[in-house]
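Here is the structure we will look at.
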Amino acid sequence: MAAYYVTTPIYYVNDAPHIGHAYTTTAGDVLTRWHRQRGESVWYQTGVDEHGTKVQRAAEAAGVSPQEWCDRLVSQAWIPVLDTIDAANDGFIRTTQEQHRLGVQRFWEVVRDNGYVYQADYEGPYCVGCEEFKLPGDVVTTDDGTIMCPVHDRPVEMLSEANWFFRLSAFTEALISHYENDPSAIEPVSAHNEVMSFLRQGLRDISMSRSSVTWGIGLPWDEKQVTYVWFDALLNYITAIGYGTEPGSEQAMEFERIWPADVHLVGKDILRFHAVYWPAMLMAAGLALPRKVFAHGWLLVGGEKMSKTRLTGIAPEFIVDHFGSDAFRYYFMRAINFGHDGSFSWEDMNARYTSELANGLGNLASRGTAMVERYRNGVLPAAGPPTDAETHLQTLLLSTVERCDERMLALDFAEGIAAIREYVEAVNLYVTEQQPWALAKDDAQAERLNSVLYTIIESLRAICVLYFPVMPKAMAALWQSLGAHAALGEIADQRIQSTAQWGQMPAGTVVSKGENLFPRLADADVQS
RNA sequence: GGCGGAGUAGCUCAGCCAGGUAGAGCAAGCGGCUCAUAAUCGCUGUGUCGCCGGUUCAAGUCCGGCCUCCGCUACCA
């Protein structure tokens, strides 16, 4: 069975993860968990990028080898953050792995054999003090026109070195027509437009190797050069799933099964690498193109892009320690329109947690299960004949699941969640209107009370399944509390497609109240 | 400069593609209820829809111009 293949970018290991990284990973995790819940085969891939000058320099500054530096950050920060946000990734790749190195080298040999790699001189401003080529943004021009290196405060020299170039220019027309034929291959539309206007300027060949850098993957045909870090990093999407392994091997067959990617999730700052360079590379190697590159927005703190220098780089555990991983996942998927920039503030998160999770969903679970315990000794009764109130909820559930599924598949997490939230509100309203506490006082209303209690629990059953991809821990707990595990099996085995089918909870199921799903939290004395 | 996005209630945002009496949630106030996590349900107010002009019976929505913020504009993880 072909796999629904989703990737995050591989994160650059020159620093510890912040909530911007966690945001991307969370989105991919919700998306892939949703597809699993639909019964699809899924591969969710993430990882880290360890090569390049910046890592090399960070390691030197810390007085360790680049590999030691990476090993430490990866094991102490990048792997643990997956657990912090409760990500269920299938793969985690490090670009220093042998498997990746071999795949990258194999790839570029193929591309070279296909005639898309050639040798030429790269010329640019070079600072002897830095011992490296400077980029236009890294140099300053003095009043008399001298180009200076700001690090060493001395003039740069124009130097040239032999590099290997990728014939990117050969793919301008192919990329334009590809995206014209399938505009949804880049989303949202603003990202598509940006790429198209870039492509229409025409593409220039690009240097794909460096002789001045040592921390990277050597070119198989030129040991003095390493692969430029982007042309190493992008390949993780195929090397991670078996590209370049022995034909006919199990890994090679996995690659055939999983590739192409269904969605590459990227921050909008790295859109061009994914929507231009990467597909061109794949064409050059004769491989299929990803079905979609989705560029999401940035998290804004105090109206500005999060940045370390402004001390707005927030560690995921800072939030998760207080609110929990489920609330973290819920908040970022619900409060921010995926594809747009979104504001984060502690106050907003706290307000939504209290109102939507504690008072809304958590309290509904609490009152529903508590009443079955209180009025029926914790045993779910069979429902009597439905009235309009019950029929309405059943019908609403049908449209809720349909709408939610449609929006989640379109990566519109906020609307998908909104559909579920509105259903939760409808059930809360139903409880208030039916007044089961009043029915309980009148023995003649026993069957009616049975119907109401059953309707609440059966609704919670559906809510539980729909919210499981977003909030796995809390919904697994609720599933237990409903007694659904004993009656219906694992929550992970419930299918979205049959969630709206009414009457799945068997009468006689033992329901227990359990701990509060989202306890009200004392205000933490923290600044946003 | 060019291209693109954004500017709507105190806050966060939807609505704009297919014009028809300004929306949601939160926050605030009042009321109902008491199963529940001081929770839930109902009611209530507020807006020069960035500015100017045009098209139209009718413009937040379409057209032109302008202002502000942001992004992209070739090898800066």
Side-chain angles (χ1 to χ4, degrees), chain A residues 9-15 49 51-55 122 124 133-139 163 165-166 168-169 188-208 210 228-231 233 267-273 276-277 295 297-298 300 303-305 334-337 339-345 347-348 350-352 354-375 414-415 418 421-422 425 427-440 449 452-453 456 513 515-521:
Chain A
I10 50 172
Y11 304 112
Y12 201 56
V13 182
N14 61 342
D15 215 336
D49 179 7
H51 289 138
T53 315
K54 288 196 178 178
V55 167
Y122 173 84
F133 283 94
K134 307 305 286 188
L135 297 157
D138 290 339
V139 295
N163 271 178
F165 277 71
F166 173 51
L168 184 64
S169 60
V189 175
S190 55
H192 173 267
N193 292 340
E194 207 163 287
V195 169
M196 290 308 278
S197 73
F198 179 76
L199 287 173
R200 286 185 176 121
Q201 296 173 45
L203 297 171
R204 216 180 289 165
D205 292 348
I206 179 172
S207 160
M208 53 73 64
R210 295 287 183 274
Y228 171 51
V229 67
W230 267 108
F231 290 135
K268 64 184 182 182
D269 49 333
I270 54 173
L271 171 64
R272 201 173 64 231
F273 296 97
V276 178
Y277 300 172
W298 287 327
L300 307 178
E304 293 183 1
K305 187 190 175 189
R334 179 261 182 273
I336 296 166
N337 228 318
H340 290 74
D341 290 355
S343 307
F344 166 81
S345 74
E347 290 75 15
D348 186 49
N350 192 59
R352 290 192 196 278
T354 302
S355 131
E356 297 173 11
L357 292 179
N359 296 351
L361 174 60
N363 185 55
L364 175 63
S366 191
R367 64 200 304 214
T369 51
M371 284 191 285
V372 174
E373 278 195 341
R374 183 165 171 158
Y375 300 136
E415 273 303 306
R421 201 179 65 250
E422 284 166 25
E425 287 169 4
V427 179
N428 258 327
L429 175 59
Y430 169 86
V431 175
T432 302
E433 287 180 344
Q434 300 308 313
Q435 304 183 57
W437 51 91
L439 298 173
L449 177 59
V452 173
L453 294 177
I456 298 168
K513 185 167 178 298
E515 296 289 305
N516 285 345
L517 259 28
F518 304 101
R520 290 175 69 86
L521 298 171

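Just so you know, these numbers use all the heavy atoms, side chains as well, and skip hydrogens, waters and symmetry mates. Order of the sequence lines sets the chain letters (A, B, ...), proteins ahead of strands, with each chain counted from 1. Note that the structure is a prediction, hence the values are computed from the model and not measured.
Within 4.0 Å of A:D205, counting heavy atoms only, lies no atom of the nucleic acid at all. Residue contacts shown for A:K268 are absent, as no nucleic acid heavy atom lies under 4.0 Å away. When heavy atoms are screened at a 4.0 angstrom cut-off, A:I206 is found touching base atoms of the nucleic acid. Among the heavy atoms of the strands lying under 4.0 Å from A:S207 is at least one base atom, whether or not backbone atoms are also near. The residue A:Y228 sits close only to the backbone: its heavy atoms come under 4.0 Å of sugar-phosphate atoms, none of a base. At a threshold of 4.0 angstrom between heavy atoms, the contacts of A:D49 include nucleobase atoms, whether or not backbone atoms are also involved. Within the 4.0 angstrom heavy-atom criterion, base atoms lie near A:L517. Note on A:V55: nothing from the nucleic acid sits closer than 4.0 angstrom, heavy atoms only. When heavy atoms are screened at a 4.0 angstrom cut-off, A:A233 is found touching base atoms of the nucleic acid. Residue contacts for A:L364: at a heavy-atom cut-off of 4.0 Å it reaches no nucleic acid atom on any strand shown.
One can place CG of A:L521 at 13 Å from P of B:A38, the figure rounded to the nearest angstrom. Rounded to a whole Å, the CG atom of A:D348 is 13 Å from the P atom of B:C11. Whole-Å rounding puts the A:E373 CD to B:U37 C1' distance at 15 Å. Whole-Å rounding puts the A:H340 NE2 to B:C13 P distance at 10 Å.
Between A:K268 and A:E194, none of the side-chain N atoms (NZ, or NE/NH1/NH2) sits under 4.0 Å from a carboxylate O, so this pair counts as no salt bridge.
The aromatic rings of A:F231 and A:Y277 sit tilted, their planes meeting at an angle between 30° and 60°.
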Collect all protein-nucleotide pairs involving nucleotides 33-35 of chain B in which both atoms are nitrogen or oxygen and the distance is under 3.5 Å.
{"unit_1": "B:C33", "atom_1": "O2'", "unit_2": "A:W437", "atom_2": "NE1", "d": "3.4"}
{"unit_1": "B:C35", "atom_1": "O4'", "unit_2": "A:Y375", "atom_2": "OH", "d": "3.4"}
{"unit_1": "B:C35", "atom_1": "O3'", "unit_2": "A:R374", "atom_2": "NH1", "d": "3.2"}
{"unit_1": "B:C35", "atom_1": "O2", "unit_2": "A:R367", "atom_2": "NE", "d": "3.2"}
{"unit_1": "B:C35", "atom_1": "N3", "unit_2": "A:R367", "atom_2": "NE", "d": "3.4"}
{"unit_1": "B:C35", "atom_1": "N3", "unit_2": "A:R367", "atom_2": "NH2", "d": "2.6"}
{"unit_1": "B:C35", "atom_1": "N4", "unit_2": "A:R367", "atom_2": "NH2", "d": "3.1"}

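The shortest side-chain heavy-atom distance between A:W437 and A:V431 falls under the 4.5 Å cut-off.
For RNA chain B, if you chain together Watson-Crick or G-U pairs that step i with j, i+1 with j-1 and so on, the runs of at least three with distances under 3.5 Å are B:1-7 with B:67-73, B:10-13 with B:23-26, B:28-32 with B:40-44, B:50-54 with B:62-66.
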